[in-house]
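Before any comments, here is the structure.
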Amino acid sequence: MLEHIKKNNEIMKQADGFYRLEKDKEAIALFLEEIEKKRMKFTTLEERFQYLIDHEYYYNLFTVDGYTMDDIQAVYAAIKAVPFQFQSYMSISKFYKDYALQTFDKQFYLEDYADRIAIVALFLARGNTEKAVEYAREMIAQNYQPATPTFLNAGRKRGGELVSCFLLEVDDTLNSIGFNIETSMQLSKIGGGVALNLSKIRGRGESIRDVKGAASGVMPVVKLLEDTFSYVNQLGQRKGAGAAYLHIFHWDIEEFLDCKKINSDEKTRIQGLSIGVICPHKFFELAKHNQDVYVFAPHSVQRVYGMPLDEMNMQEMYDVLIQDTRILKRKWMNAREILGKIAMLQLESGYPYIVYHTNANNQHPLKNLGSIKMSNLCTEIFQLQETSIIHDYGLPDEIKRDICCNLGSLNIVNVMENQSIRESVYRAMDMLTAVSDLSDISNAPSIFKANQELHSVGLGVMNLHGFFAKNKIRYESEEAKEFANLFFMTVNYHSIERSMQIAMETGKCFQGFRQSDYGTGVYFDFYTEKNISPTSEQITELFKEIFIPSKEDWMKLKEQVMKNGLYHAYRMAIAPTGSISYLQNSTSSVMPITNVIETRTYENAMTYYPMPYLTKETYWYYAKTAYDMDMMKLIDLISVIQKHVDQGISCTLFVHSDISTRELAKYYIYAEHKGLKSLYYTRTNKKNIEECLSCSV
C-alpha cells in the first residue's frame, strides 16, 4: 500500500475519543511528494505553454484568442495571490486522478491545480485578460466550480465538449428513432450525458400502416440505447451515460418499469441505462381516490386527436380518453399499487426517477413558449422541448429545439464567508455564458438550435450541509429553511440581474423573451408582494453584512428586466455535484451527508474522506446522517429552495432497507404536494445497530 494511503487510513485510529484528522493533512503532504516526482519540469512559464501548444495538449491561446505571455503571467499572479491548499486527501487525489492533464503515455503530470484553473480561466475569457483574472480568482478561492466537462476539457486541444447534459425528444417514426440514436452517439462521444423522452413511440402491438400488432413498442428502443451508451465514450475518460423517460399513462409503462427488476429476464433487463417515469398530477389524484389506472396506446391517441399523449393536459383528457371507444386502452392496476410497485423498484435498484410533470409546467416561466416534457440524467434540468420532424432522404428535416445545459456550482460556505454572493454569481454567470457561447455542437442540430436561441445555463450550489454544520445549524431545523429561503432568493436575484446586464451588453435576448413570464413581469409577483427577511437571531447574524433584496429591489429589477430583457431563458439548476464536491472539499449539492467519514477506494485500496469542517463540536451537526433524517423534512427544505430555482433540484431520498413501500410512496405523494419537480434516486441503507453514528465516537 502507498504511504499516503496508509497515512490517510490512520484517520480511523481514534485518539482521545475522536478521529485523527491531522493524519489526512499528513497524507496530503506525502501525496504531493509523490506527484512532484511525476511532474514534467519546465524552466519558465513560457517554455511550458509553448511545449503544451506544440505537442497539442493545449489549444493555441496566442493565435486563437490573442493572449500574450504578459496576460498569462497576470492570471498566474492573481492565482498565487490567493492562498490555496488542498483541504483533504480526497480532494487532492480526485484532482490528480480525474482532472490533471497528463502526457499521452500517462507517465508525467503536466498540470497542478493552479495550472488547470489558469487554462480554464483563459479559455473561458476568450482573450479578455481582465475577465480571465476575475475567473481565476473566483475558482482559486473556490467560490465557484465549473462542472466536470468544463473543468476537465476547457483549454485542451483534444478535449471533449464543455457542456454537461443533453435532452432529446424522440418522435414516433423510424427516422426519428435512428436520428436520435445517432445524435446520442455524437453527444456521448464528446462526454455528455443524454436523456431521451420515448413517450411518443407507439406501444407494443399497435398498428403500423394499419397492420395490427406490427409495432414492437418502446423496449427494443431502450435496449438499443443501452448498447449505444455502452459503446460510445469520450476517449476512454468519461463513460457514456444515458437515461430513458416514459409517461406513466403510456401503453408500455409496465414493461418499462419491469426492466429494472433484479429478477427480470436478461433479454429485457436494463442495467447500464437509467430510467425515469413522467407523472402528471392526474396520476396522484387517482391514487388519492384509490382508483384504477388506464394506460393508452399513444399512436391511437395521436391519430384521433392529432396530439401526442404526453403533451395532453391529462387533468382534462384522462376521462375523455377512457370514454372514447376509438382509443386503444386497458386497465392496468390500482394507482396506489403502482406507487407501491415504483417504491419496490426503487428499493431494489434506485430507479425509476420521478418527474412531476404538472408541477414542472405550472412553475415554468416560459410556459407561453412551450412545455416541459421530461428531465435529464440527474433530474435537475427542466426546459421547453419540441419535436423535430425527420424526413426521408432528399427532403429537408424540420429541426426543432431540444435541450442542452451547462452547469457549475457555488460553494455556499465560501461565498457566505467571503461576502461575495453578488460577485460570485456574476462571475459564475459569465463563465457559464462563455460555455454556452463557445459550444458549437453542429452534429446535434436540435441541440445547436436550442443553444443558439435560448442560451440556457444551470447555476447550482454545493456544501449546504457543510455550511449548516460549520455554523451549528441542524439540517432539519427551521433555521435551515430560513437560511435557504434567503440565500437562494439572493442568488436568484443576482443571476437575473447579471443575465439582464449580459443582454444589454450583447444586444441579445433569448428568443421569445417578450412572451415569457419575465417579459410580462408575472414572474416577479412572488417577490414584490412581501419582504423575505431573516427572523431568527442566528440567521440575522449570518446575513448582517450581506445584501438581501427587498420587495422594492425586486420591483426595480422587474421594471429593468421588462425593459432590457434577459440573455438566458434558463439560469439555475441544482445538480448532484459528485466529483466537483470532492475537489472543493465540500458536501454534495443541497443534500445531507450519508457518513461523517466516507469510505472510498484509490489505487485499489480503502481511503477515508472526513466531512468538511469536522471537529468534536461540528460532529453533532453531522451525526444524524441522511438515512436517519425525516424525509418529509428534507422535502420541506427542498421545497423552500425550489421556489427560487427556475429549473429543478436533484433530490435524493435516503431510506433504511426496512422501510415499507407504503411509507416510501407517501414521500412521492408529499413531494408532489410540496411542489417539487422531480425525485432522483432512492438510496437504501441496510440498517444495523452498529451503524448508529451518533454513538460510534
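Just so you know, these numbers come straight off a predicted model, no measurement behind them. FYI, the numbering just counts along the sequence from 1.
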Quick one: does any side-chain atom of [X] pair with a main-chain N or O of [Y] as donor and acceptor, under 3.5 Å?
| X | Y | value |
| --- | --- | --- |
| Asn361 | Ile372 | yes |
| His250 | Asp252 | yes |
| Gln647 | Phe382 | yes |
| Ser588 | Pro576 | yes |
| Gln642 | Val645 | yes |

Indicate whether any N or O donor in one side chain lies under 3.5 Å from an N or O acceptor in the other, for [X] and [Y].
| X | Y | value |
| --- | --- | --- |
| Ser375 | Tyr353 | no |
| Arg600 | Tyr582 | yes |
| Tyr609 | Thr599 | no |
| Glu226 | Tyr231 | no |
| Asn180 | Ser184 | no |
| Ser650 | Glu380 | no |
| Trp251 | Glu206 | no |
| Tyr351 | Ser274 | yes |
| Tyr570 | His364 | yes |
| Ser581 | Thr577 | yes |
| Asn685 | Ser657 | no |
| Glu169 | Thr387 | yes |
| Glu672 | His281 | yes |
| Tyr667 | Glu663 | yes |

Discussion item. Using the rule side-chain hydrogen bond (donor to acceptor under 3.5 Å, both in side chains), only one of Lys373, Arg401, Lys400 pairs with Glu386; which is it?
Written reply: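 The residue from Lys373, Arg401, Lys400 that satisfies side-chain hydrogen bond (donor to acceptor under 3.5 Å, both in side chains) with Glu386 turns out to be Arg401.
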Worksheet item: Out of Asp310, Thr173, Asp171, which one pairs with Lys200 under the side-chain hydrogen bond (donor to acceptor under 3.5 Å, both in side chains) rule?
Response: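 When side-chain hydrogen bond (donor to acceptor under 3.5 Å, both in side chains) is applied between Lys200 and each of Asp310, Thr173, Asp171, only Asp310 qualifies.
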Practice prompt. Applying side-chain contact (heavy atoms from CB on, under 4.5 Å) between Phe256 and each of Ile275, Ile248, Ile270, report the one that passes.
Written response: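 Result for side-chain contact (heavy atoms from CB on, under 4.5 Å) with Phe256: Ile275.
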Item to complete: Only one of Thr148, Thr150, Leu407 passes side-chain contact (heavy atoms from CB on, under 4.5 Å) with Ile580; say which it is.
Response: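 Testing each of Thr148, Thr150, Leu407 against Ile580, the sole residue satisfying side-chain contact (heavy atoms from CB on, under 4.5 Å) is Thr148.
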Residues [X] and [Y] bridged, charged N to O under 4.0 Å:
| X | Y | value |
| --- | --- | --- |
| Glu285 | Lys282 | yes |
| Lys677 | Asp646 | no |
| Lys260 | Glu348 | no |
| Asp172 | Arg202 | yes |
| Lys449 | Asp402 | no |

[X], [atom1] atom: more than 12 neighbouring heavy atoms under 6.0 Å:
| X | atom1 | result |
| --- | --- | --- |
| Asn604 | CG | no |
| Leu174 | CG | no |
| Arg330 | CZ | yes |
| Met344 | CE | no |

[X] versus [Y], closest heavy-atom pair with distance:
| X | Y | value |
| --- | --- | --- |
| Pro352 | Leu345 | CD-CB, 4.3 Å |
| Leu152 | Asp98 | CD1-O, 3.3 Å |
| Cys165 | Asn376 | SG-ND2, 3.8 Å |
| Thr594 | Ala626 | CG2-CB, 4.2 Å |
| Thr652 | Leu634 | O-CD2, 4.0 Å |
| His391 | Pro396 | CD2-O, 2.9 Å |

Item to complete: Show the numbers, then the answer: is there a salt bridge (charged side-chain N to carboxylate O under 4.0 Å, His left out) between Asp292 and Arg336?
Response: CA-CA 8 Å; Asp292 291 331; Arg336 293 182 184 178; over 6 Å; no
Worksheet item: Taking side chain as C-beta onward, heavy atoms only, is Val277 less than 4.5 Å from Ile253?
Response: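 Yes, at least one pair of side-chain atoms sits under 4.5 Å.
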Practice prompt. Please work out whether the ring planes of Phe95 and Tyr99 are parallel, tilted or perpendicular, with thresholds of 30° and 60°.
Written response: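 Ring orientation, 0 to 90° scale: parallel.
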Discussion item. Once you measure the plane-to-plane angle for Tyr294 and Phe296, does it fall in the parallel (<30°), tilted (30-60°) or perpendicular (>60°) bin?
Written reply: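 Tyr294 vs Phe296 ring planes: parallel.
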Worksheet entry | Evaluation steps, salt bridge (charged side-chain N to carboxylate O under 4.0 Å, His left out), between Lys329 and Asp324 | CA-CA 10 Å; Lys329 69 189 80 69; Asp324 194 330; over 6 Å; no
